[in-house]
Trainee: 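After the structure tokens below, expect a handful of questions from me.
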Amino acid sequence: MTTTGYRVSLARTLMFALLYAAAVYAGRCTAMVADGVSLIWPAAGVAVVWFCAHRDAPTRWLDTVLLAVILGVGNWRTGTPGEVSVVAAFVGLIQVWIFRWALRRWRPNLWGAGGRDPLRSPRDLWALLAVTVLTCVGTNLAGLLGRGLVTGSLPVALSVMSLARHIASILIIGAAGIHLGAWLSRRRDRPPPERPPPERPSPWRLAEIAGIFALSITGHIGAFAYEHGLPLSFALLGLTVLAGTRLRTPWILLHDVVVGTIALQCTLRGRGPFAQVADVGQRAVIVQLFGILVALVGLSLALGRDERTTLLTALAEEKTELDTQKNLLTAVIDSMADGLAVIGADGRVTMRNPAVTDLLGGRRSPDDMLAGSEWYGLYRADGTRHADDELAYLRALAGQEVRGVDMLVRHPGMPDGRVVRVTATPLPHPDGTYSAVVLFHDVTAERRHRDELTNFAGVVAHDLLNPLASVEGWTAAALDALDGVPEHPNLDQAHADLARLTRASARMRGLIDGLLAYTTAREATVAPSPVDLAEVVADIAQARAEAAVAAGKPEPGFTIGALPPVQADPVLVRQLVDNLVGNAIKYTAPGVVPRLAISADTSGGMVTVRIVDNGIGIPEGQHDAIFGNFHRAHSGSAYLGTGLGLAICKRIVERHGGDISAADDPGGGSCFTFTLPAATADHPRLAPVRPGLTPGC
Ligand code: ADP
């Protein structure tokens, strides 16, 4: 703590002490005119504000001393017996301590309790009332006991009066203090440039405030100042309600103080409805209750209004922010080259961007094309027409994730058609239904390019077969011709050259076969039907084992689990399994007997097949790349191949809506996993396009 900080704290201590002394004096003055009974006790309110403001001040000790001295001396000098004044001084200290403790416990966010907030809502007001009642009840019990101890009598009636005036004082002055303190501390903490310019009320508003004050003051003077003998005080609450519904909290605090003072002053002077109560004590209690009621009604209405205004302002700000974000999002979505549409659970398009119209085109509105059964003109990439229930968005509406399905959109407005890749994501609703977010990406150019390349490869491969057959035929003829040639020094060389030619031709045939198989896998129409996977695998295993024996290689061992039937093209399934089994046998270390384990399980309408081998494994980081065209992970080694086999496998699996992946087998070797639709009764309706693979092998 700097010297300046200490000085400021000291100055504030003195200022509060003076204010407190004035409040004690004012309270004792009312006692003097009302037969020794204080009608009001503003000192209680001033004391709690003082000690709340100085919760952490370095001059707290001085605050405690001064409060006790002022209260004790003030009481003593105005006729209270010395020992009772000492008790009063202690009780005054107990009061501020209880208040500070309870406020901190129940409303730590409020100014004076360690926070910086003013009263913001009726809930804060009720909390303040609870703190005040607790404080005053506690203090009064302590005061009663103290007095009883020093005087030997228990003045219960006096204590009830004291309770009412303390509650009124702490409630009204405490609420005003919290409001003022919060405002000052926020003003102090914010540097001047950041301070918002003070809100200037409009002249109309000022006139309204002045009018309400004038009306209320006139009403209260009318009810209290004149000797008409009419008990009109109840009607005055209407004026408080009017003020509470129209004025903000600071104005209401001022209003409560003003009308409370009028009621008090008039009662003190023996005027107004309360003055007719003969007993001074009862009169005091009634005027205090009137003050408490006015404060509670006015403040609760004003705070309710303030809270509503704050909420409405926050809502308006949030709405503006949301509007800005919405506009930004709309601009982004509208400027996208890809089409984006949201389809509701009822199949209606709830949102779409202009690109949807550009991509789907046609004379029909895209809404019709998307939402109803009018997706006619949508074709699979192989040219066959889509059934409605296979459409991506319908699958998404059924809760399935659909990724990257290529479809050909063709209609009279777009006779050449356009290939659109559709991705549909389901959005779940609480009632269990789904909306679909559908993304359309134009892949026409990409597809055309790829198709041209594929066609070219197919044509070249096909055209090369004839000359290759001639080369093979003539090589065989030359070998036959050499059989009859007598021993000659160049004969062995000729045999060796022709053998090399035969091997090269075989390699070339393998490549051409691969290219043709690849083109077939890409282009041939898929004709799914139930396939007995177990039978296909058994056939292939037997053929491979026989081929190995015939070639003088170790016979591979197969462990085949239960394999459920799949819904797929039988020719393509055979090609797929044969490729994978062939690779598993081929990629084993020399001298190692190949061992394969083939197993499967079914989930979500898809069969997941795993082929595990004991081979040389796939080099690190190449598990995805090996599915690319012509990619060879063991090139340059003793394993011959074209790098097309797995690309063909991938294409076959994808064309059936499945997926394929490779992983290392924990026992050494590799594990290839692929999925195909299960041959169930309701297949292929709504089969997931790419369900996740069962992890691990
Ligand atoms: P290839 O004609 O070279 O066999 P594939 O497309 O069938 O072409 O396979 C691509 C590459 O993947 C192979 O060159 C090989 O490096 C690797 N590979 C394929 N199957 C296996 C396997 N079972 N074990 C280890 N590596 C494999």
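Order of listing sets the numbers, starting from 1, for every ligand and every atom in it. As a basis for the values below, the full set of heavy atoms in this structure was taken, side chains included, without hydrogen atoms, waters or symmetry mates. These figures come from a predicted structure and were not determined experimentally.
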Trainee: Would you check if the side chain of Ser470 reaches a backbone N or O of Asn466 as a donor-acceptor pair within less than 3.5 Å?
Mentor: yes
Trainee: Looking only at protein heavy atoms, which one is nearest to atom 23 (N) of ligand 1, and how far off is it?
Mentor: Asp613 OD2, 2.9 Å
Trainee: Checking Ser335 now: which residues fulfil side chain to side chain contact (heavy atoms under 4.5 Å, CB included) with it, not counting sequence neighbours?
Mentor: none
Trainee: Of all the atoms in ligand 1, which lie at a distance below 4.0 Å from a heavy atom belonging to Leu644?
Mentor: 6 (O), 8 (O)
Trainee: Any side-chain heavy atom of Leu439 within less than 4.5 Å of one from Met336?
Mentor: yes
Trainee: Should you measure from each heavy atom of Gly643, which atoms of ligand 1 turn up under 4.0 Å away?
Mentor: 1 (P), 2 (O), 3 (O), 6 (O), 8 (O)
Trainee: Measure the shortest side-chain to side-chain distance between Val531 and Gln567 over non-hydrogen atoms and say whether it is less than 4.5 angstrom.
Mentor: no
Trainee: Should Gly641 be counted as touching ligand 1, given the test is an N or O pair under 3.5 Å?
Mentor: no
Trainee: Between Phe672, Phe630, Tyr587, Phe627, which one has a non-hydrogen atom sitting closest to atom 1 (P) of ligand 1?
Mentor: Tyr587
Trainee: Do Ala647 and ligand 1 have an N or O pair less than 3.5 Å apart?
Mentor: no
Trainee: Using a 4.0 Å cutoff against the non-hydrogen atoms of Ile618, which atoms of ligand 1 qualify?
Mentor: 25 (C), 26 (N)
Trainee: Would you say the side-chain atoms of Arg418 pair up with the backbone N or O of Val443, donor to acceptor, closer than 3.5 Å?
Mentor: no
Trainee: Is there a side-chain contact between Leu676 and Val609 in this structure, where contact means two heavy atoms from C-beta onward sitting under 4.5 Å apart?
Mentor: no
Trainee: So, regarding Leu646 and ligand 1 (criterion: nitrogen or oxygen to nitrogen or oxygen, under 3.5 Å), is there a contact or not?
Mentor: yes
